Amino acid sequence: MTTRQAPRGGGWKGGQGKGGPGRGGPGKGGPGRGAPGWRPGGDDLDGPAVLYGWHPVSEALRNPKRQFIKLLATENAALRLTEEVGELRITPEIVKPGTITGLLGPEPVHQGLYLEAEPLEGPAFDALPDDAVLLALDQITDPHNVGAIVRTAAAFGVTAIVTTARHSPTVTGVLAKSASGGLEHVPFVVVRNLAEALIELGERGFTRVGLDSEAPETLDAVGPRTPLVVVLGAEGKGLRQRTRECCDVMARIPFRGAIQSLNVSNAAAITLYALMPRA
């Protein structure tokens, strides 16, 4: 799938973290790049997060942790922001819709809103709480899928999403639009090596559940528990062998119909519903 990258779209620039240059193991704050709007603690981003569309922009404006650079809005969109969000911490520059289209290209649906903001600080890997519920993404790179996963994670109150420095999406606006505001609520933790990160989580008592449509166990057999990390693989390829070896259990959704698989974001939603403890 080909997508258009928003201007200055915010790839990650490697940082040193606690491990120093070239030592970034999963618990050491290693360098990496990742989802738009988030950066590992202390790492520098080579550009601002670019957000467009009603939900990504309005949720960012509601987030007291966000620092803003520029807000472009059409007259109608600015009026709606004032009515629904309230007093804004940045004064919008009123523009014609074509001005935003000129920045983003003709495909993105911007709904008259374009925001440049500083990335949020994400937590360090070794600072994740011991009762966390995490999603780990094994080379899922499509920004639409990752964005939908972020939205699902925000709906279920997931603590954080763990992804790798390589093989992660870099298209800021597309992912943020698909996340529909979820980026403001679910931080990304970027690690150098997913297998090593899963091993460390296992040592901390996390149950590591890999999702596989052909796994012998069902989600019902696993049951709700914390701390938990649900490991999701890319559509088509699934989980890599090394990733599977670092899971405590491989589980499947017990389908009854003719189709035995789902989009990865839909599978994530069902899995979280089945495995997260009830409030």
Side-chain angles (χ1 to χ4, degrees), residues 1-15 32-41 43-78 80-81 85 88-122 137 140-151 153-154 161 163 165 167-188 190:
M1 177 178 293
T2 301
T3 51
R4 181 183 180 92
Q5 183 165 350
R8 303 181 68 192
W12 295 95
K13 182 185 295 182
R33 59 182 179 82
W38 286 98
R39 64 181 172 198
D43 284 3
D44 295 324
L45 197 64
D46 59 9
V50 175
L51 309 174
Y52 60 80
W54 174 256
H55 290 295
V57 172
S58 63
E59 285 298 302
L61 292 172
R62 290 186 176 100
N63 186 354
K65 297 180 180 179
R66 276 287 189 189
Q67 298 298 315
F68 309 120
I69 299 170
K70 178 193 298 185
L71 173 61
L72 305 183
T74 63
E75 186 173 353
N76 288 340
R80 184 183 176 190
L81 283 176
V85 177
L88 304 178
R89 291 185 289 125
I90 181 174
T91 301
E93 178 184 345
I94 305 302
V95 299
K96 299 293 186 181
T99 300
I100 301 176
T101 301
L103 291 171
L104 298 173
E107 295 182 6
V109 181
H110 56 71
Q111 299 171 290
L113 291 172
Y114 171 99
L115 176 66
E116 291 183 10
E118 297 291 347
L120 295 165
E121 294 288 345
L137 309 186
I140 301 176
T141 59
D142 182 87
H144 296 89
N145 280 338
V146 176
I149 290 170
V150 173
R151 184 175 184 178
I161 294 175
T163 188
H167 304 293
S168 58
T170 58
V171 184
T172 299
V174 173
L175 194 156
K177 191 70 164 63
S178 299
S180 194
L183 282 174
E184 306 305 314
H185 305 287
V186 185
F188 276 71
V190 182

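These numbers come from a predicted model, not from an experiment.
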Going by the rule side-chain contact (heavy atoms from CB on, under 4.5 Å), which residues pair with [X] if we only count those two or more places apart in sequence or in a different chain?
X: Glu75; result: Ile94
X: Lys96; result: Thr99
X: Leu88; result: Leu61, Leu71, Leu81, Val85, Pro92

Worksheet item: Measuring from Gln111:CD to Asn76:CG, what's the distance to the nearest 0.5 Å?
Response: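 Here the interatomic distance stands at 12.5 Å.
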Worksheet item: Got a second to check how far Ser178's OG is from Asp142's CG, nearest 0.5 Å?
Response: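 Taking OG in Ser178 and CG in Asp142, the distance rounds to 8.0 Å.
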Quick one: closest heavy-atom pair of [X] and [Y], and the distance?
X: Leu51; Y: Pro56; answer: CD1-O, 4.0 Å
X: Leu72; Y: Leu103; answer: CD1-CD1, 3.5 Å
X: Ala154; Y: Gly182; answer: CB-CA, 4.0 Å
X: Pro64; Y: Arg89; answer: CA-NH2, 3.7 Å

Would you indicate whether the side-chain heavy atoms of [Y] and [X] approach each other to under 4.5 Å?
X: Thr74; Y: Tyr114; value: no
X: Val150; Y: Ile161; value: yes
X: Leu183; Y: Leu175; value: yes
X: Leu113; Y: Tyr52; value: no
X: Thr91; Y: Phe68; value: no

Practice prompt. Salt-bridge test for Glu118 and Arg66: reply yes if a basic N is under 4.0 Å from a carboxylate O, no otherwise.
Written response: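 No, Glu118 and Arg66 are not salt-bridged.
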Can you name the residues that form a side chain to side chain donor-acceptor pair (under 3.5 Å) with [X], not counting sequence neighbours?
X: Arg80; answer: Glu84
X: Glu59; answer: Arg62, His185
X: Thr101; answer: His110

Worksheet item: Within the side chain of Glu116, is there an N or O that forms a donor-acceptor pair under 3.5 Å with the backbone of Lys70?
Response: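 No; zero donor-acceptor contacts below 3.5 Å.
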